[in-house]
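First up is the structure itself, then whatever we jot down about it.
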Amino acid sequence: MNKRILVTGGAGFIGSHLCERLLNDGHDVLCMDNFFTGRKENIVHLMGDRGLELLRHDITQPILLEVDQIYNLACPASPIHYQYNPVKTIKTNIMGTLNMLGLAKRVRARILQASTSEVYGDPQVHPQREDYWGNVNPIGPRACYDEGKRCAETLMFSYHNQNNVDIRVVRIFNTYGPRMLEDDGRVVSNFIVQALGGKDITVYGDGSQTRSFCYIDDLVDALVKMMEQDGVIGPLNLGNPEEFTILELATRIKDITGSKSKLVYKPLPEDDPVQRQPDIELAIKELDWRPSVGIEDGLARTIDYFKKRLTK
Ligand code: NAD
Ligand code: UDP
């Protein structure tokens with residue numbers, strides 16, 4: 001059935017892919033964004049679609065709308081952007097999520113919160129399962145994001161328990177693909193842009209820290225499955241459990257691009273998690289979902305995108 005769906009952060013990396021998917025499924029999509037890290041370029045190809053409405057709005061401000069579902073994705077996701085104005089990042093996660101929950105409560109919409117693997121901080125349990133409470137520095141440089149997202153989860157569950165709001169909470173692990181910003185500092189986009197430009201590839205620390213990378217199409221598929229099912233409200237991990245060291249990632253990107261770039265080592269940022277890998281048993285069981293795009297294929301598609309974008 002056709003629904004009216006609000007996507008906050010809809011002009012960002014994940015949000016723009018989600019808007020595209022929901023429009024293709026025949027829904028009416030209200031794409032809301034303050035364009036801090038999002039770009040019209042990400043959604044310009046959707047603007048001819050009669051189902052799309054675009055609204056410039058900051059979720060830290062209340063808003064009255066009539067919708068059936070809300071995907072709350074608004075929040076800068078890369079460390080350089082969420083640390084640019086930490087207080088604003090906290091406001092977006094707390095006041096923004098409160099506003100969206102207030103809206104969900106008033107119109108009885110189902111609301112899905114994009115939480116993050118960062119709620120596990122620098123995890124002492126590996127791989128991370130949903131029942132692990134995490135290891136987060138509450139006053140470190142990543143705290144505005146990590147603690148902001150943790151409090152957003154608390155708000156979601158409090159509105160659910162107290163006001164019966166229909167919630168879904170997913171913890172997203174590192175996701176990559178076309179439409180990442182070339183200069184947002186995240187590792188996949190950094191390494192690809194550096195490799196394609198013949199620049200030094202900047203490995204932070206000794207590159208032995210690990211991450212598990214999920215391709216965007218797999219993630220969007222899981223977000224929609226989570227929203228559409230009635231069995232579980234979360235929190236539920238979403239990611240690709242294939243784990244790599246950052247050094248392995250650099251080498252793969254160098255190989256696929258055929259780049260002659262050198263690897264150079266830079267200081268490891270403070271509180272950078274040592275290892276990260278999602279346990280996705282819950283998603284497999286409840287959503288019948290598992291990622292289908294492997295790292296070689298996903299990187300090749302992302303590299304293709306950046307090749308086109310950088311020559312524009
Ligand atoms: P992104 O920066 O590309 O997208 C975020 C979008 O939110 C941008 O379009 C930005 O302009 C918008 N935004 C930021 N603050 C806003 C505000 N106050 N009001 C309205 N719009 C605002 O990042 P992304 O990678 O697409 O991440 C989307 C969501 O997924 C975020 O909530 C992020 O925390 C979460 N997430 C992403 C990843 C990942 O690997 N990409 C991992 C875990 C969680
Ligand atoms: N990283 C790196 N070089 C870069 C950018 C990032 O070695 O140019 C490392 C970073 O220190 C971290 C990992 O890659 O260990 C993932 O960083 P990203 O910012 O993409 O995601 P997050 O740390 O939030 O998981």
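Both ligands and their constituent atoms are indexed starting at 1 by order of listing. All figures in this text were calculated on a predicted structure; none of them were measured in a lab.
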Between [X] (side chain) and [Y] (backbone), is there a donor-acceptor pair under 3.5 Å?
{"X": "Asn93", "Y": "Ala152", "result": "no"}
{"X": "Arg129", "Y": "Ile280", "result": "no"}
{"X": "Gln128", "Y": "Gln277", "result": "yes"}
{"X": "Asp68", "Y": "Arg4", "result": "yes"}
{"X": "Asp146", "Y": "Gly121", "result": "no"}
{"X": "Lys199", "Y": "Val193", "result": "no"}

Within less than 4.0 angstrom of ligand 2, does [X] place any heavy atom?
{"X": "Gln194", "result": "no"}
{"X": "Glu118", "result": "yes"}
{"X": "Pro79", "result": "yes"}

Identify which of [options] has a heavy atom lying nearest to [atom].
{"atom": "atom 20 (C) of ligand 1", "options": "Arg211, His57, Met95, Gln61", "result": "His57"}
{"atom": "atom 36 (N) of ligand 1", "options": "Phe13, Phe173, Tyr145, Tyr82", "result": "Tyr145"}
{"atom": "atom 37 (C) of ligand 1", "options": "Ile14, Thr175, Leu238", "result": "Ile14"}
{"atom": "atom 44 (C) of ligand 1", "options": "Ala77, Ser16, Ser115, Pro76", "result": "Ser115"}
{"atom": "atom 18 (N) of ligand 1", "options": "Thr8, Asp58, Asn174", "result": "Asp58"}

Exercise for the section: Flag Gly15 as yes when one of its N or O atoms lies below 3.5 Å from any N or O atom of ligand 1, and as no otherwise. Expected result: no
Handout entry: Any N/O pair Lys88/ligand 1 closer than 3.5 Å
Key = no
Exercise for the section: Following the transitive rule for hydrophobic clusters with a side-chain heavy-atom cut-off under 4.5 Å over Ile, Leu, Val, Met, Phe, Trp and Tyr, establish whether Val29 and Val44 coincide in one cluster. Expected result: yes
Fill in the blank from the handout: Here the atoms of ligand 1 under 4.0 Å from any heavy atom belonging to Gly12 are 3 (O), 4 (O), 8 (C), 9 (O)
Exercise for the section: Would you mind running through ligand 1 and noting each atom that sits below 4.0 Å from a heavy atom of Phe35? Expected result: 11 (O)
Numbering the atoms of ligand 2 from 1, which are under 4.0 Å from a heavy atom of [X]?
{"X": "Gly185", "result": "5 (C)"}
{"X": "Asn190", "result": "4 (C), 5 (C), 8 (O)"}
{"X": "Ile246", "result": "7 (O), 13 (C), 14 (O)"}

Exercise for the section: Give the residue, atom name and distance (to 0.1 Å) of the protein heavy atom nearest atom 21 (O) of ligand 2. Expected result: Asn174 ND2, 3.3 Å
Practice task
Considering heavy atoms of the protein only, find what lies nearest to atom 25 (O) of ligand 1 and give residue, atom and distance to 0.1 Å.
Solution key: Arg186 NH1, 3.0 Å
Completion exercise
Paired with Glu228, the salt bridge (Lys or Arg N to Asp or Glu O under 4.0 Å) test is passed by just one of Arg110, Arg168, Lys3, Arg21, namely Lys3
Handout entry: Ring geometry between Phe213 and Phe244 (parallel below 30°, tilted from 30 to 60°, perpendicular above 60°)
Key = parallel
Practice task
Hey, can you tell me if Tyr120 and Phe173 have their rings parallel, tilted or perpendicular (30° and 60° cut-offs)?
Solution key: tilted
